[in-house]
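Notes to accompany the following structure.
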Number of protein chains: 4
Amino acid sequence: MTKLAARRDEEADEKPRRGRPRCLIRRHAVLESSLVLLGERGFRGVTMEAIAEHAGVGKVTLYRHWPSKAAIFMDAFLAKQQAEVPFGDTGSALDDLRIGMLSLMKLFRGPMGPQVAGLIAEGILDPEVGEILRTRWVRPRRAEAAKIVQRGIDAGQLPKDCDAEALLDALYGPIYLRLMLGHEKIDRAFVEKTFATVTKGIRP
Amino acid sequence: MTKLAARRDEEADEKPRRGRPRCLIRRHAVLESSLVLLGERGFRGVTMEAIAEHAGVGKVTLYRHWPSKAAIFMDAFLAKQQAEVPFGDTGSALDDLRIGMLSLMKLFRGPMGPQVAGLIAEGILDPEVGEILRTRWVRPRRAEAAKIVQRGIDAGQLPKDCDAEALLDALYGPIYLRLMLGHEKIDRAFVEKTFATVTKGIRP
Amino acid sequence: MTKLAARRDEEADEKPRRGRPRCLIRRHAVLESSLVLLGERGFRGVTMEAIAEHAGVGKVTLYRHWPSKAAIFMDAFLAKQQAEVPFGDTGSALDDLRIGMLSLMKLFRGPMGPQVAGLIAEGILDPEVGEILRTRWVRPRRAEAAKIVQRGIDAGQLPKDCDAEALLDALYGPIYLRLMLGHEKIDRAFVEKTFATVTKGIRP
Amino acid sequence: MTKLAARRDEEADEKPRRGRPRCLIRRHAVLESSLVLLGERGFRGVTMEAIAEHAGVGKVTLYRHWPSKAAIFMDAFLAKQQAEVPFGDTGSALDDLRIGMLSLMKLFRGPMGPQVAGLIAEGILDPEVGEILRTRWVRPRRAEAAKIVQRGIDAGQLPKDCDAEALLDALYGPIYLRLMLGHEKIDRAFVEKTFATVTKGIRP
DNA sequence: GTATAAACGAGACGGTACGTCAGGTCTTTCT
DNA sequence: AGAAAGACCTGACGTACCGTCTCGTTTATAC
């Protein structure tokens with residue numbers, strides 16, 4: 001966490017530090033390039049040197065801004081991703097959750113699907129990456145979804161003893177599983193069936 | 001696939017070829033060493049050279065027997081794993097599935113949990129590894145589980161239109177999700193709750 | 001030459017230029033620091049960045065004042081060195097030359113010996129440094145020595161056809177050789193013997 | 001010394017070491033390339049990477065065979081140099097020494113002049129290089145020259161109390177000085193005059 | 001038996017990428 | 001306007017592994 005959090009600390013540093021400030025243009029160029037190369041060569045095939053060259057940037061600049069390749073991809077992904085993959089807000093908690101599942105499906109079927117998978121894989125292989133992934137991707141989304149569940153409980157649409165975490169894992173786990181193992185495709189029928197099964201299963 | 005399948009082809013080669021035959025002792029030493037080092041340094045930290053040195057074996061021997069590092073780990077894992085993580089055979093399809101979930105839980109909570117996660121991660125990052133993983137780990141287990149589901153359908157314990165794939169994803173997906181994201185722990189209560197929810201959800 | 005001469009041009013700039021004048025205190029701090037670091041780490045080990053940091057000065061300031069690392073050392077050396085290593089002025093040209101040899105010996109045996117050697121080495125490896133070394137160290141001293149030789153010729157202490165350059169090389173060459181190859185030590189007996197041999201050799 | 005001597009130790013290692021033996025062809029290619037590049041770009045301008053590329057060799061091979069850039073040049077120089085720059089063997093010690101001076105002159109005026117100068121400079125800036133330079137270039141030549149001096153003493157051509165080291169420094173020092181400072185050129189007249197002066201000076 | 005062919009340990013080899021260092025330039029803010 | 005701080009591009013550094021290739025040696029069958 002320390003390493004990956006470093007960048008954030010600096011971001012939090014509101015006071016303008018001495019010396020020449022870090023150039024945001026370069027920052028964007030790097031994130032842009034990393035995604036381009038990611039598309040062309042895949043996670044493993046992208047090297048720090050390739051990113052640097054493609055972005056017209058020195059390698060040192062990369063290491064100044066990010067502690068590792070995975071951290072670059074993380075930033076690039078989150079920057080592009082923020083506020084996408086929304087949940088609904090329809091008044092019905094069940095509908096909201098269903099909308100969330102469908103938007104995740106869309107994400108996973110699009111070009112970012114393999115990227116998310118790659119990030120999760122990196123998170124498994126490198127604990128630091130895993131931690132930052134949980135902190136910046138999993139938990140924020142979970143918090144949002146948990147609010148919906150709470151609303152459902154309050155509105156009597158979900159049982160009072162409903163375990164939000166287990167419910168969300170039951171809904172999303174199957175989708176993530178197909179993304180990662182690639183044994184079956186993630187189509188609408190599958191998502192709807194999963195949703196139907198689980199929601200029926202939790203009803204009192 | 002080509003690369004990873006190579007080893008199997010040779011295995012199929014029953015006829016004793018001329019010259020000195022490949023030494024099984026070395027084979028075992030390598031698999032042993034790979035697991036030891038995996039425990040010490042994690043997936044990323046283990047190198048072919050380290051395995052070779054630890055096993056007291058030349059690098060060429062590694063490449064003669066296996067086409068890649070992941071293939072070694074795969075063999076090591078499957079050798080240790082074979083016939084573990086059984087499903088039950090109790091007469092009740094639901095009980096059999098539940099037993100399968102619990103034995104998977106035990107596996108994931110033990111020392112092999114991170115190893116499975118690492119293999120899956122490698123499978124995401126390297127398509128060839130992904131393919132072999134599906135071929136030798138996912139599909140065999142699926143086939144077995146599908147048989148149980150079919151038995152359940154035949155016995156009237158499961159609805160006739162039951163989609164085996166979706167059902168298995170619904171049961172196992174949540175457990176795999178927690179293994180890979182590490183956001184919550186995989187305890188018995190969670191497994192039981194997931195089982196209860198899903199089985200209730202699919203009942204007609 | 002261009003690069004190394006730059007500093008001199010500016011020095012010649014007598015007219016006080018516009019804006020804040022360059023701070024001499026910094027100049028001294030830099031020269032001081034360069035010698036300190038030279039003693040600690042040797043010629044190779046001293047970097048521009050280290051000098052800047054040690055002197056509490058920006059790197060740009062360094063490059064504004066001097067065109068290269070060697071130029072800094074050259075200035076530092078010459079500043080400390082000025083008017084040392086004198087020739088005598090005894091009325092006897094031979095005695096004057098002998099005094100010059102002995103003062104050079106003292107210089108080479110002291111802490112500046114390795115520094116002079118280092119400067120000469122830099123002068124060999126970098127032609128620009130070599131040129132400035134000749135311009136600011138070798139030739140001024142040669143000119144002085146040549147005057148002594150001329151006085152000796154005029155006074156009949158040296159033969160009329162005496163080749164000043166060859167004579168000086170014969171006297172000083174052996175001392176420089178031992179400084180640079182380090183194969184033998186530079187002691188008084190050696191200097192005296194060299195002086196005796198050469199002066200006997202040139203007598204008509 | 002340790003580092004630079006390493007290569008030699010291995011050379012002395014007569015017993016054929018285990019594993020694939022080091023390839024002499026590469027060795028020669030590297031030495032060849034280093035001299036070519038030295039001629040083109042000078043001591044400073046040659047990089048390990050350039051040598052490696054020019055020789056069609058991996059960088060690791062360079063570091064396996066030699067501990068430093070200077071060590072490569074040293075080997076290349078000595079290989080090309082061995083048995084050149086001979087002394088004479090005319091019966092007359094003085095003539096032999098004179099011939100030695102003239103062959104040194106020829107060496108210094110040719111393409112190897114700057115190379116020798118560069119090696120000496122490196123020897124000043126890096127003590128390890130200095131040591132190997134003394135061991136493999138200076139002392140062997142000195143030993144040979146000292147034998148000539150001894151022959152001269154025995155034959156009565158040189159005084160009995162003649163200090164060989166001081167004499168050789170007096171003869172060669174001036175030539176080396178001009179090579180390294182570059183303040184005057186090394187022509188035959190200069191060498192002859194130096195020879196004449198010194199030999200006259202030591203005569204009893 | 002003895003030849004032969006492959007496996008084997010060791011380690012050299014050409015590569016690619018790594019992460020770091022220093023050089024020299026530029027862009028801020030402070031003085 | 002000068003200066004310190006430090007970001008920046010560049011290029012080289014020395015190292016780590018990769019996967020391949022010799023070596024000399026060992027160990028099975030095949031002749």
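Residue numbers start from 1 in every chain, and the chains themselves are labelled A, B, ... in the order their sequence lines are given, proteins ahead of strands.
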Next item on the list: Starting at atom CG of Leu62(D), determine the distance to atom P of dA12(E), rounded to an integer number of angstrom.
Entry: 14 Å
Note to self: Nearest to the Val57(A) side chain among dC9(F), dC17(F), dC13(E), which nucleotide is it?
What the structure shows: dC9(F)
Margin query: Just N and O in the side chain of Thr61(A): are any of them under 4.0 Å from OP1 or OP2 of dC9(F)?
Written below: yes
Next item on the list: Considering just the side-chain nitrogens and oxygens of His65(A), establish if one lies under 4.0 Å of OP1 or OP2 belonging to dC8(F).
Entry: yes
Next item on the list: Measure the distance from CZ on Arg64(B) to P on dT20(F) and round it to the nearest whole Å.
Entry: 12 Å
Item checked: Position toward the 5' end of DNA chain F (nearest nucleotide), Ala55(A) or Lys69(D) -> Ala55(A)
Item checked: Contact under 4.0 Å: Arg20(D) side-chain N or O vs dG9(E) OP1/OP2 -> no
Notebook entry, point to check: How do Val60(A) and Val46(B) order along DNA chain F: which one's closest nucleotide is nearer the 5' end?
Noted result: Val60(A)
Next item on the list: Return the nearest nucleotide to the side chain of Glu49(D); candidates are dC9(F), dC18(E), dC13(F).
Entry: dC13(F)
Notebook entry, point to check: When you measure from the side chain of Arg18(D), which nucleotide among dA12(E), dG19(F), dA10(E) comes out closest?
Noted result: dA10(E)
Checklist line | Lys59(D) side chain, from C-beta outward: closest of dC13(E), dG14(F), dC8(F) | finding: dG14(F)
Notebook entry, point to check: Just wondering, do Glu122(B) and Phe43(B) contact through their side chains at under 4.5 Å, heavy atoms?
Noted result: yes
Next item on the list: Measure from the side-chain heavy atoms of Thr47(C) and tell me the nearest of dC8(E), dG23(E), dC18(E).
Entry: dG23(E)
Check: Think Arg26(B) has a side-chain N or O under 4.0 angstrom from the OP1 or OP2 of dA7(E)?
Finding: no
Next item on the list: Verify the neighbour count for atom CD of Glu53(D): are there more than 12 heavy atoms of other residues, nucleotides or ligands below 6.0 Å?
Entry: no
Margin query: Donor-acceptor check, side chain of Arg22(A) to backbone of Arg64(A), threshold 3.5 angstrom: yes or no?
Written below: yes
Note to self: Heavy-atom nearest nucleotide on DNA chain E for Gly19(D) versus Cys23(D): which residue maps closer to 5'?
What the structure shows: Gly19(D)
Notebook entry, point to check: If you check the Met48(C) side chain, which of dT20(F), dC8(F), dG24(E) turns out closest?
Noted result: dG24(E)
